[in-house]
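Values below: all heavy atoms of this structure, side chains included; hydrogens, waters and symmetry mates excluded. When a ligand or atom number is given, it counts from 1 through the structure's own listing order.
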Amino acid sequence: MTMRDKEELKREIIKAYHFRHATKQFDPDKKIPEEDFQFILEIAHLSPSSFGLEPWRFLVIQNEKVRERIKNTSWGATGKLPEASHFVVLLARTKQDTKYDSPYLRDHLQNVKKLPKDHMEKYLQRIEEFQKSDFNLLDDERLLYEWASRQTYIALGNMMTAAAQIGIDSCPIEGFDIEKMNNLLQEEGLLNDGNFSISVMVAFGYRVIEPNPKIRRPFEDVIKWIK
Ligand SMILES: Cc1cc2nc3c(=O)[nH]c(=O)nc-3n(C[C@H](O)[C@H](O)[C@H](O)COP(=O)(O)O)c2cc1C
């Protein structure tokens, strides 16, 4: 890549970060082309996660009835549903699938990551230590879910940025009661057998009005160099 190409690319990326804003109102008449939404989903799929465990699932909610139920349950989704072109619920795997001795973990390492047997046992041991004493994730029922949930936010950020880079708007949504949303998703048969819990949601589509310019704390206030 030449110097000029790189500078151009950086300008484009920064422009996308300015373009992206939490879109409050979506145009009901504008739909994201299928290939563009597929691109956003690929970005989610390629996102990194701690130990590469991919402790998530992405539900693309296009069903009108389910959308209506979410709209009536999540205060943060007001103005985004039903108008948003696409709506994604990010699920985090629960303790049942993320504890070091869970069948999901073993299956993932063995059949997805295809680790050789001895390597896998060492990897599992490392995860066990990490969960038990590095991050103390076994101290409380919720902590493993919270850990998985944090991984989903990486995918969330990546999806929103990638969308912005191709001119698609988004709004992240955690304005909801977790228990109520889980009940709804459970009733719709979307949480398997307690393997998943809601983490966060995100609406995609196209803005109706232009947003205000970005407001952020001063750069020097949030970025500190330790030399
Ligand atoms: C994890 C997360 C959850 C959010 N939840 C909501 C929400 O439920 N409803 C909403 O309208 N905005 C929501 N927001 C949008 C934020 O208020 C917004 O990103 C922030 O004010 C910065 O503005 P900007 O994104 O336009 O730059 C959420 C943002 C994040 C990162």
Is it true that Gln62 and Arg67 share a donor-acceptor pair across their side chains at a distance under 3.5 Å? yes

>> I want to know whether Phe204 and Phe37 have ring centres closer than 6.0 Å.
In response: yes

Residues 169-179 vs side chain to side chain donor-acceptor pair (under 3.5 Å), sequence neighbours excluded, gives Tyr153-Glu174, Asp169-Arg207

Which of Trp147, Tyr100, Tyr123 passes ring pair (Phe, Tyr, Trp, His ring centres under 6.0 Å) with Phe130? Answer is Trp147

Side chains of Asp97 and Ser102 only: does a donor on one sit below 3.5 Å from an acceptor on the other?
no

Exercise for the section: Decide whether Asp5 and Thr2 meet the rule of one side-chain donor and one side-chain acceptor closer than 3.5 Å. Expected result: yes

Note down each nitrogen or oxygen pair, ligand 1 side and protein side, whose separation is under 3.5 Å; give only atom names and the distance to 0.1 Å.
unit_1   : atom_1 : unit_2 : atom_2 : d
ligand 1 : 5 (N)  : Pro172 : O      : 3.2
ligand 1 : 5 (N)  : Glu174 : N      : 3.0
ligand 1 : 8 (O)  : Glu174 : N      : 3.3
ligand 1 : 8 (O)  : Gly175 : N      : 2.9
ligand 1 : 9 (N)  : Gly76  : O      : 3.2
ligand 1 : 11 (O) : Lys24  : NZ     : 2.8
ligand 1 : 11 (O) : Lys80  : NZ     : 2.6
ligand 1 : 12 (N) : Lys24  : NZ     : 3.2
ligand 1 : 14 (N) : Pro172 : O      : 3.4
ligand 1 : 25 (O) : Arg20  : NH1    : 3.0
ligand 1 : 25 (O) : Arg20  : NH2    : 2.9
ligand 1 : 25 (O) : Ala22  : N      : 3.2
ligand 1 : 26 (O) : Ala22  : N      : 2.9
ligand 1 : 27 (O) : Arg20  : NH2    : 3.1
ligand 1 : 27 (O) : Lys214 : NZ     : 2.8
ligand 1 : 27 (O) : Arg216 : NH1    : 3.4
ligand 1 : 27 (O) : Arg216 : NH2    : 2.8

